[in-house]
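Worksheet: the structure to be examined is printed underneath.
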Amino acid sequence: MSQLQLEYFNNNEGIVGQQGNTLTYRLYHELIHIEPWGKDSLRVRITQASKVRDDLPGALLSTEEIGSKAASDAIKITEFGGSIRNGNIEARVTKKEGKIVFWDVKNDRELVREAQPHIWINGRVIRPLSGDSYKIEANFQAYDDEKFYGLGQHHHGKLNQKGCVIDLCQRNAHVTIPFLVSSRGYGFLWNNPAVGRVELGMGLTRWVADVSPQMDYWITAGDSVADIMSNYVDVTGHSPPLPYYASGFWQCRLRYKSQDEVLRVAREYKSRGLPLDIIVIDYFHWTHHGDWKFDPAAFPDPKAMVDELKKLNVEVMVSIWPTLQPDSENFEEMERRGLLLRNARGPNVHHRFYDNPTLVEAKYITHYDATNPEGREFIWSKVKKNYHDLGIKIWWLDADEPEIEPVQPEMLRFHIGDGASVYNISPMLHGMGFYKGMKEEGHEDGDIISLSRSGWAGSQRWGQAIWSGDITSTFETLAGQVRAGLNMGLSGIPWWTTDIGGFVEGNIYDTEFRELIVRWFQYGAFCPLFRLHGFRDPMPEPQMGAENEVWSYGDEPYKIMSNFLHLRERLRPYVMEQMDKAAKAGTPPMRPLFYDFESDKKAWAVEDEFLFGPDILVAPILEYKSRSRQVYLPAGAKWTNAWTDEVVDGGQTITVDAPLEQIPLFLRDGAKVPIKN
């Protein structure tokens, strides 16, 4: 070792201090702040600027909103470093180089520590870019037995994401929520809306923000996954109560092109005695992208339509895209007022898509800027006038990632910052605008919901349900949806759904697809939201799918789907119980087996079953022509086959029959849940 290197090792000690309830550390140009932020939780911010900033966009509520206070003896400073404790979590910072380790105080064990990928590379890498922007990396120790859950929704088809590299970038069907739950007893939020990635490697866990002013993350300790989820929603916001009408059946297809067609379908459901709570009016009911109003040629009297549907006890959800085409009546004003999303260079063009009247020629479209409060107020003012005042109160927030081609967020300029640094937060702010607009119109929690194609940490606070985007109609995709939905629940999003049957490549006359939609419908009856949708083949005309009602697939599928419609209707009191728990404690209605059976090691390995609430174990059928499957029943309970009433001890794997009209369902410890009529 050279003399210079020796001096570096001997002198590389920082200054440990205290500012109020914050532990501070400075070495050279790096400044660390660690402070209590919610129960058993700490927030860490690290910068190379002159001070830590409090004005950056993020997911965390303020300490005033969550009531976070530290005990007077929470911070300790010694000759070797400093520590800060908040309940059952403690952060310890070494004086030399400022290395951080997080400790589970109650169980006296390490939760996670910063890693040092190379002798000359710190666990924190902050590389200057330009001005006050940096490329930021946070490196943490990897543990062989660690499992990771959450992180939004992705297409890798895995529940445990150890070994995955996850892009932190919103895309259609890929929802970025940078919160994970670790099997080591902690939850971790990367409180940064920048584009980046997380590498859940065997050697390191690495979080990367491509462009950001500072590092910002939050960590919590919990004796159970339920504790971790409760702590997380306490600091990012609780979901409101689910509206009762949203717990029933949602009928949708691409697309109902007229007022008469919408009414004809709703009347048919009611005449057949089938449950129907929401009917959805998809895109191109409008005149142009960005007009945000009904096309009078197809919907000549939308108020009369809404009124008749309400008499049938059916609510309307209408598709609202955040896009504008230059022919829109609102384009010039929004452009002049600076309410459109900008490009760093060139015209504000973000996508090519079809528009009325021909729906054949693709045109250039742009997005409004959802990070601009004036932009959110403008779009809501149009939606209020042209939809809400007709009696519509459910909003389908499609294409709100925002959808751009190519996906190069660094080319965008938002009201609150450069695209690469804030891109991921846009869909959450978009949903917030609609929630606040509904509040201003007198709607209470329990009567507000939007369905969004994307979201971010904290979206649940604004009444945003999320669906899994444009997915293919295959059994492989269905299997991936099971994992995706469970991870969304562990990302703090209790209101989640898929397009039952998948979105594209499903032909209503195809034998395999007919079986797929039956199996998907059976699974969908036990999802938080129960919604049929798809762009079905054969297409009768441009941007118009084939029929997609439960009677569209032949007599046998119709009979089975009708039975599951009525099953879901019987379950609605149970569903609402689970939604109440989600609102109060962040408990996912649909969750992995290990959530309720953490001491059962085998339960942690099961990825293709789930619990719907505490009492129903669901084992969906995920393969074509499968008429039985293996089902693991967690130890510590007795399980009753919901169809045969056979009682089975937990802690074993059994083979269960699954004729086309059924999927394996088990009830926990004699629970009285009305599966059978």
Side-chain angles (χ1 to χ4, degrees), residues 59 61 65 175 177 233 236-250 252 277-281 292 306 309-310 313-322 370 373 375-398 400 425-467 488-489 492-497 527-531 572 575-589:
L61 302 175
E65 290 174 294
V175 180
I177 300 177
V233 298
T236 59
H238 289 247
S239 67
L242 182 76
Y244 181 75
Y245 50 78
S247 67
F249 179 61
W250 304 37
C252 186
D277 291 87
I278 297 172
I279 193 163
V280 183
I281 301 174
W292 299 306
V306 173
L309 290 169
K310 285 185 179 292
N313 292 317
V314 177
E315 296 290 342
V316 176
M317 178 168 75
V318 66
S319 175
I320 307 290
W321 281 43
R376 296 194 296 269
E377 290 170 4
F378 185 94
I379 187 174
W380 172 252
S381 72
K382 301 302 179 182
V383 168
K384 175 193 175 300
K385 175 183 176 182
N386 297 324
Y387 299 110
H388 176 272
D389 290 354
L390 302 175
I392 296 172
K393 59 182 180 181
I394 312 174
W395 317 111
W396 186 3
L397 306 183
D398 206 344
D400 63 343
I425 203 172
S426 181
M428 187 264 276
L429 296 177
H430 183 48
M432 181 183 75
F434 279 75
Y435 176 87
K436 290 186 173 182
M438 289 288 283
K439 280 283 195 176
E440 290 171 1
E441 294 307 310
H443 294 271
E444 299 293 333
D445 287 340
D447 192 33
I448 301 175
I449 184 172
S450 62
L451 180 65
S452 175
R453 200 170 74 182
S454 193
W456 197 61
S459 279
Q460 73 281 351
R461 179 186 178 194
W462 307 114
Q464 276 183 286
I466 297 177
W467 96 98
M488 281 293 277
I493 305 296
W495 304 352
W496 179 85
T497 184
C527 285
L529 303 181
F530 185 28
R531 170 180 159 273
R572 288 180 74 178
V575 172
M576 292 303 292
E577 280 183 41
Q578 310 320 312
M579 294 302 178
D580 183 61
K581 294 175 183 177
K584 291 177 178 177
T587 307

Exercise. Where does the angle between the aromatic ring planes of H443 and H388 fall among parallel (under 30°), tilted (30 to 60°) and perpendicular (over 60°)?
Worked result: perpendicular
Seminar exercise, completed: All heavy atoms of T497 vs all of L529, minimum pair found to be OG1-O, 3.1 Å
For this session: State whether the side chain of Q460 and the backbone N or O of A582 hold a donor-acceptor pair below 3.5 Å, judged by distance alone.
Result: no
For this session: Look up atom CG in D580 and atom CG in L242, then write down how far apart they are to the nearest 0.5 Å.
Result: 10.5 Å
Exercise. Testing W456, W395, Y435, W495 for ring-ring contact (aromatic ring centres under 6.0 Å, His included) with W462, which one passes?
Worked result: Y435
Problem set entry | Closest contact, heavy atoms only, A457 versus A59 | O-CB, 3.4 Å
For this session: Take D445 and K439 through the test side chain to side chain contact (heavy atoms under 4.5 Å, CB included) and record every step on the way to the result.
Result: CA-CA 8 Å; D445 287 340; K439 280 283 195 176; 3.4 Å; yes
For this session: Drop me the distance from S450's OG to M317's CE, to the nearest 0.5 angstrom.
Result: 9.5 Å
Problem set entry | Closest heavy-atom pair and its distance - I449, A246 | CD1-CB, 3.9 Å
Exercise. Counting distance only, does the side-chain N/O of D277 pair as donor-acceptor with the main-chain N or O of S247 below 3.5 Å?
Worked result: no
Problem set entry | Stepwise side chain to side chain contact (heavy atoms under 4.5 Å, CB included) test for D447 and Y245 | CA-CA 9 Å; D447 192 33; Y245 50 78; 3.1 Å; yes
Problem set entry | Heavy-atom donor-acceptor pair, D398 side chain to S319 backbone, under 3.5 Å | no
Exercise. Are F434 and I320 side-chain neighbours, meaning at least one heavy-atom pair lies under 4.5 Å?
Worked result: yes
Problem set entry | NZ/NE/NH1/NH2 to OD/OE distance under 4.0 Å, E440 and R376 | no
Exercise. Under a 4.5 Å cut-off applied to non-hydrogen side-chain atoms, are L451 and V280 in contact?
Worked result: no
Seminar exercise, completed: Looking only at heavy atoms, the pair that brings W467 and L397 closest together is CZ3-O, 4.3 Å
Problem set entry | 4.5 Å side-chain heavy-atom contact, K393 and I448 | no
Problem set entry | Gap between atom NZ of K382 and atom CD of E377 - 0.5 Å precision | 13.5 Å
Exercise. About how many Å separate OG1 of T587 and CE of M579, when rounded to the nearest 0.5 Å?
Worked result: 11.5 Å
Problem set entry | Residue K584 excluded, over 12 heavy atoms near NZ under 6.0 Å | no
For this session: Please answer whether the main-chain N or O of Y244 pairs with a side-chain N or O of R572 as donor and acceptor at a distance below 3.5 Å.
Result: yes
Exercise. Heavy-atom distance under 4.5 Å between the side chains of Q464 and I493, does that happen here?
Worked result: no
Problem set entry | Neighbour count >12 (heavy atoms, 6.0 Å) for atom NZ, K385 | no
Seminar exercise, completed: Closest heavy-atom pair, P494 versus P528, reported as atoms and distance to 0.1 Å, is O-CB, 3.3 Å
Exercise. Is there a side-chain contact between F530 and V575 (heavy atoms, below 4.5 Å)?
Worked result: no
Exercise. Below 4.5 Å, heavy atoms only, C-beta onward: do R531 and I278 meet side chain to side chain?
Worked result: no
Exercise. Does W321 reach the main-chain N or O of D400 with its side chain, forming a donor-acceptor pair under 3.5 Å?
Worked result: no
Problem set entry | H238 to A583 - nearest heavy-atom pair and separation | ND1-O, 2.8 Å
Seminar exercise, completed: Taken to the nearest 0.5 Å, the spacing of E315 CD from I279 CD1 works out to 12.0 Å
Exercise. To the nearest 0.5 Å, what is the distance between CH2 (W396) and CD1 (I281)?
Worked result: 11.0 Å
